[in-house]
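Note: hydrogens, waters and symmetry copies are ignored here, and every other heavy atom, side chains too, is used. Here the structure is a predicted model, which means the values were calculated and not measured.
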Amino acid sequence: MMCGAVSAARPATDETQRIAEQVKAQLEEKEGKTFDVFTAVEFKTQLVAGTNYFIKVHVGNEEFMHLRVFKSLPHENEKLSLHSYQGSKAKHDELAYF
């Protein structure tokens, strides 16, 4: 993948689910609610000075959220951070750069 370009969407992996779970508390704090269902469905990546993960997450019923999570370079030893997110998404909504 070219640096800066966003990859094609791929089905979520165990690693993607772990990344989503690591920022779940950050999202719950921002949204002011808890999510009983929090399942990564698909993702895209973007190589920058680290990696941006764009993750579509099923949060219950027919509701989905799109998360943008930043993972720093290994030598920086930083925690994953929820950069931004989009709510009120549906299963068919395309996971796009935001």
Requested in this report: Quickly, which of Val23, Thr16, Thr51 forms a side-chain contact (heavy atoms from CB on, under 4.5 Å) with Val69? Name it, please.
Outcome: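 It is Val23; the other options fail the test.
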Mind checking whether [X] and [Y] sit in one hydrophobic cluster, side chains of I, L, V, M, F, W, Y counted as touching below 4.5 Å?
X     : Y     : value
Val59 : Phe43 : yes
Leu95 : Val57 : no
Leu67 : Val41 : no
Phe35 : Leu82 : yes
Tyr53 : Phe64 : no

Report task. Using side-chain contact (heavy atoms from CB on, under 4.5 Å) as the criterion, list what pairs up with Glu21, not counting sequence neighbours. Result ->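 Scan of Glu21 (side-chain contact (heavy atoms from CB on, under 4.5 Å), adjacent residues dropped) gives Gln17.
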Report task. Would you give the length of the straight line joining atom OG of Ser81 to atom NZ of Lys71, rounded to the nearest 0.5 angstrom? Result ->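 Atom-to-atom, Ser81:OG and Lys71:NZ are 12.5 Å apart.
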Query raised in the report: Could you state the interatomic distance from NZ (Lys33) to CG (Leu27), rounded to the nearest 0.5 Å?
Result: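 Output value for this atom pair is 8.5 Å.
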Query raised in the report: Which residue, Arg10, Lys56, Lys91, forms the salt bridge (charged side-chain N to carboxylate O under 4.0 Å, His left out) with Glu42?
Result: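 It is Lys56, the one option of Arg10, Lys56, Lys91 that forms the salt bridge (charged side-chain N to carboxylate O under 4.0 Å, His left out) with Glu42.
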Which heavy atom of [X] sits nearest a heavy atom of [Y], and at what distance?
X     : Y     : result
Glu28 : Thr34 : OE2-CA, 3.4 Å
Ala40 : Ala20 : CB-CB, 4.5 Å
Glu78 : Ser72 : CB-OG, 3.2 Å

Requested in this report: Give me the ring orientation class for Phe54 and Phe98: parallel if the planes are under 30° apart, tilted from 30 to 60°, perpendicular past 60°.
Outcome: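 The arrangement is perpendicular - the two ring planes meet at more than 60°.
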Query - Donor-acceptor under 3.5 Å (Ser7 side chain, Thr45 main chain) - result: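 Yes.
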Query raised in the report: Within a reach of under 6.0 Å around CD of Glu62, are more than 12 heavy atoms found that belong to other residues, nucleotides or ligands?
Result: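 Count not over threshold, so no.
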Requested in this report: Only one of Glu31, Lys30, His66, Gln26 passes side chain to side chain donor-acceptor pair (under 3.5 Å) with Tyr85; say which it is.
Outcome: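 For Tyr85, the side chain to side chain donor-acceptor pair (under 3.5 Å) check succeeds only for Glu31.
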